[in-house]
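Inspection log for the structure reproduced underneath, given as structure tokens.
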Amino acid sequence: MKRRQLLWMTLLGVLGLMLGTSMTMTASAKYAGHSATPTELRGTWYQYQGHHKWEKIVITKHAFKLNGKTLYTPYKKSWHKLYVLHEKKGCGGSNYVLNGKFKYGYQNLGTFWLSARKVKGHRVMKSYYNMKYFSVYTHQKLKHNYSYEYKGSQYMNQIGR
């Protein structure tokens, strides 16, 4: 009796292994757009505007707020819907478009990434929208605007750095 049970268990095990290996599915690790912001971008970011005024960006898991106004959430419609796209432009590196459902250029706020550049020991968030101008945001309210215009011809390589 024990021999018969052992034979059946072995047969079922072999059959299970054969079926398991023939029915494998491949998984893709590619980043897909979704309604949660990347953790590296989350937090409160500031950019000095002059005359003791700052532009304030607050990025939470499901919202993007600019100066207290919620611009993107998963609950809004059309191009105001938070839909994060992970992009890779040029040779620079990876960056994120937070409203990937936009149809026209004026609806896009730009691309954002966490830069390797440090200001006062902390990494900064950069964004690029248009015309070779890069905006730089810090976690602290600093009385200096670190934004810059890239003068070189290969400005697309600077996106994501």
Side-chain angles (χ1 to χ4, degrees), residues 20 23-161:
M23 297 176 65
T24 59
M25 289 192 271
T26 58
S28 175
K30 185 177 177 186
Y31 182 89
H34 53 78
S35 61
T37 59
T39 54
E40 63 187 19
L41 297 182
R42 293 179 195 165
T44 303
W45 300 91
Y46 299 98
Q47 182 186 61
Y48 188 61
Q49 300 296 307
H51 305 290
H52 305 287
K53 294 181 183 176
W54 286 267
E55 182 174 83
K56 180 181 176 183
I57 293 177
V58 177
I59 301 175
T60 62
K61 186 174 183 178
H62 296 293
F64 179 90
K65 298 175 185 176
L66 178 64
N67 295 327
K69 184 178 178 186
T70 303
L71 295 182
Y72 309 120
T73 65
Y75 314 109
K76 290 195 175 204
K77 294 182 181 180
S78 184
W79 60 277
H80 288 289
K81 185 177 185 102
L82 180 68
Y83 187 80
V84 181
L85 288 178
H86 182 237
E87 290 189 334
K88 207 168 184 162
K89 287 191 176 182
C91 300
S94 61
N95 56 73
Y96 302 95
V97 175
L98 299 179
N99 65 331
K101 298 280 188 182
F102 72 93
K103 290 183 182 178
Y104 306 105
Y106 71 90
Q107 296 172 336
N108 186 4
L109 196 59
T111 59
F112 293 86
W113 66 93
L114 189 64
S115 176
R117 181 178 174 190
K118 291 184 178 183
V119 173
K120 301 229 178 195
H122 298 282
R123 292 178 71 185
V124 297
M125 179 177 72
K126 289 185 180 181
S127 73
Y128 175 77
Y129 175 65
N130 205 358
M131 302 301 290
K132 301 181 183 182
Y133 186 76
F134 292 84
S135 297
V136 178
Y137 300 90
T138 60
H139 274 300
Q140 307 91 3
K141 283 186 173 181
L142 302 176
K143 286 188 178 180
H144 182 77
N145 191 341
Y146 292 94
S147 301
Y148 61 95
E149 182 178 348
Y150 186 77
K151 302 286 185 186
S153 62
Q154 299 294 324
Y155 67 94
M156 291 298 279
N157 292 345
Q158 299 300 312
I159 296 175
R161 288 186 182 210

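The figures that follow rest on heavy atoms only: side chains count, while hydrogens, waters and symmetry mates do not.
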Using modelled atom types and a 3.5 Å cut-off, is there a donor and acceptor pairing between side-chain atoms of Ser78 and backbone atoms of His80? no
For residues 55-65, which side-chain N or O atoms pair as donor and acceptor with protein atoms under 3.5 Å away, sequence neighbours left out?
{"residue": "Glu55", "atom": "OE1", "partner": "Tyr137", "partner atom": "OH", "Å": "3.0"}
{"residue": "Thr60", "atom": "OG1", "partner": "Ala63", "partner atom": "N", "Å": "3.2"}
{"residue": "His62", "atom": "ND1", "partner": "Ser35", "partner atom": "O", "Å": "3.0"}

Show the numbers, then the answer: is there a side-chain contact (heavy atoms from CB on, under 4.5 Å) between Leu142 and Gln140? CA-CA 6 Å; Leu142 302 176; Gln140 307 91 3; 4.1 Å; yes
Check the pair Trp113 / Tyr128 against side-chain contact (heavy atoms from CB on, under 4.5 Å), numbers first and verdict last. CA-CA 9 Å; Trp113 66 93; Tyr128 175 77; 3.9 Å; yes
Any idea how Tyr148 and Phe134 line up, ring-wise: parallel (<30°), tilted (30 to 60°), or perpendicular (>60°)? parallel
Tell me the closest heavy-atom pair linking Asn108 and Asn99, and the distance in Å. OD1-OD1, 3.4 Å
Over all heavy atoms of both residues, which pair between Lys81 and Lys76 is shortest? Give the atoms and the distance, please. CB-O, 3.4 Å
Tell me, with the steps shown, if Leu82 and His34 meet side-chain contact (heavy atoms from CB on, under 4.5 Å). CA-CA 8 Å; Leu82 180 68; His34 53 78; over 6 Å; no
Before you tell me yes or no, could you show the steps for Tyr146 and Lys126 under side chain to side chain donor-acceptor pair (under 3.5 Å), namely the whole-Å CA-CA distance, both residues' side-chain angles and the distance that decides it to 0.1 Å? CA-CA 10 Å; Tyr146 292 94; Lys126 289 185 180 181; over 6 Å; no
Donor-acceptor pairs under 3.5 Å, side chain of residues 38-48 to any protein atom, not counting sequence neighbours: which ones?
{"residue": "Arg42", "atom": "NE", "partner": "Thr37", "partner atom": "O", "Å": "3.2"}
{"residue": "Arg42", "atom": "NE", "partner": "Thr37", "partner atom": "OG1", "Å": "3.2"}
{"residue": "Arg42", "atom": "NH2", "partner": "Thr37", "partner atom": "O", "Å": "2.7"}
{"residue": "Trp45", "atom": "NE1", "partner": "Leu41", "partner atom": "O", "Å": "2.8"}
{"residue": "Gln47", "atom": "OE1", "partner": "Gln49", "partner atom": "NE2", "Å": "2.9"}
{"residue": "Gln47", "atom": "NE2", "partner": "Ser147", "partner atom": "OG", "Å": "2.5"}
{"residue": "Tyr48", "atom": "OH", "partner": "His51", "partner atom": "N", "Å": "3.4"}
{"residue": "Tyr48", "atom": "OH", "partner": "His52", "partner atom": "N", "Å": "3.2"}

Who pairs with Glu149 by side chain to side chain donor-acceptor pair (under 3.5 Å), at least two apart in sequence or on another chain? none
Measuring centre to centre across the rings, with the benzene-like ring taken for any Trp, is Tyr96 within less than 6.0 Å of Phe112? no
Do Val97 and Val84 touch side chain to side chain, with heavy atoms closer than 4.5 Å? no
